[in-house]
Amino acid sequence: MQPTDSTLPMFLNGCLGVLGCMGIGHMVAGSIAAGLVLLFLGWGLSVAAVLIGALTFGIGFLLFGVIYVVVWIWSIIDVKSVAERKNRQ
């Protein structure tokens, strides 16, 4: 198995996470299940932010927007450890 450099997965998580596709970096690093969970979580948070934001005049958008950013930043940090763990195996 070829070693996985953590730079590309971190870059993909950072860039695509802004567009609502968190988890792609995890999939590239070899953690398909975690990548899919993050992908669907990101989509769910985005939809919830829009729907609840519309119903609460923007307050829900701020709440779910902050949660999305926290999960997005965590996913960028986590994908580095995922790639390093895969390299040790």
Side-chain angles (χ1 to χ4, degrees):
M1 182 175 201
Q2 187 175 2
T4 303
D5 181 25
S6 63
T7 307
L8 179 62
M10 287 178 69
F11 177 77
L12 289 173
N13 258 11
C15 292
L16 295 177
V18 171
L19 302 174
C21 293
M22 286 191 290
I24 303 298
H26 281 77
M27 292 183 221
V28 170
S31 184
I32 304 297
L36 288 173
V37 167
L38 283 169
L39 183 66
F40 291 126
L41 178 65
W43 287 347
L45 286 171
S46 298
V47 169
V50 171
L51 293 179
I52 295 175
L55 295 174
T56 60
F57 303 105
I59 295 171
F61 181 75
L62 290 175
L63 174 67
F64 283 99
V66 168
I67 294 170
Y68 184 89
V69 169
V70 168
V71 172
W72 174 59
I73 291 171
W74 172 81
S75 75
I76 294 170
I77 295 168
D78 182 59
V79 77
K80 180 176 172 88
S81 65
V82 168
E84 290 172 352
R85 192 174 335 124
K86 291 286 183 180
N87 287 338
R88 281 182 289 209
Q89 292 179 351

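- Closest approach of Gly25 and Pro9 over heavy atoms only: O-CB, 3.3 Å.
- A single hydrophobic cluster is seen to contain both Ile32 and Leu12, as judged by linkage of ILVMFWY side chains at heavy-atom distances under 4.5 Å, directly or through other members.
- In this structure, Val28 is a member of the same hydrophobic cluster as Phe40, with clusters built from ILVMFWY side-chain heavy atoms closer than 4.5 Å.
- Through direct or relayed side-chain contacts under 4.5 Å between Ile, Leu, Val, Met, Phe, Trp and Tyr, Leu55 connects to no other residue.
- With sequence neighbours left out, the side chain to side chain contact (heavy atoms under 4.5 Å, CB included) criterion links Leu62 to no other residue.
- Sorted by first and then second residue, the side chain to side chain donor-acceptor pair (under 3.5 Å) pairs with a member in residues 43-62 form an empty list; sequence neighbours excluded.
- Applying the salt bridge (charged side-chain N to carboxylate O under 4.0 Å, His left out) test to residues at least two apart or on different chains, the pairs with a partner in residues 67-83 are Lys80-Glu84.
- Considering every non-hydrogen atom in both Ala49 and Gly65, the closest pair reads CB-N, 4.5 Å.
- For the pair Phe64/Ile52, a side-chain contact is recorded, criterion being any heavy-atom separation below 4.5 Å from C-beta on.
- Taking 4.5 Å as the limit, some side-chain heavy atom of Leu39 sits within range of a side-chain heavy atom of Met27.
- In the hydrophobic clustering, where aliphatic and aromatic side chains (Ile, Leu, Val, Met, Phe, Trp, Tyr) are joined below 4.5 Å either directly or transitively, Val37 stands alone.
- Here side chain to side chain donor-acceptor pair (under 3.5 Å) pairs that include residues 57-76, with residues two or more places apart or in two chains, number zero.
- The side chain to side chain contact (heavy atoms under 4.5 Å, CB included) search around Leu63 returns Ile67, not counting sequence neighbours.
- The SG atom of Cys15 sits 12.5 Å away from atom CD1 of Ile24, with the distance rounded to the nearest 0.5 Å.
- Linking ILVMFWY residues whenever their side-chain heavy atoms come closer than 4.5 Å, directly or via other members, places Leu38 and Ile76 in the same cluster.
- Among residue pairs with one or both ends in residues 8-18, those qualifying as side chain to side chain donor-acceptor pair (under 3.5 Å) are Asn13-His26; sequence neighbours excluded.
- Taken together through direct or relayed side-chain contacts under 4.5 Å among Ile, Leu, Val, Met, Phe, Trp and Tyr, Leu45 and Leu36 form parts of separate hydrophobic clusters.
- The hydrophobic cluster containing Leu16 does not contain Val82, counting ILVMFWY residues as joined when their side-chain heavy atoms lie under 4.5 angstrom apart, directly or transitively.
- For Leu51, the side chain to side chain contact (heavy atoms under 4.5 Å, CB included) partners two or more places apart in sequence, or in a different chain, are Val47.
- Taking a 4.5 Å side-chain heavy-atom cut-off between Ile, Leu, Val, Met, Phe, Trp and Tyr, the cluster of Phe57 contains only that residue.
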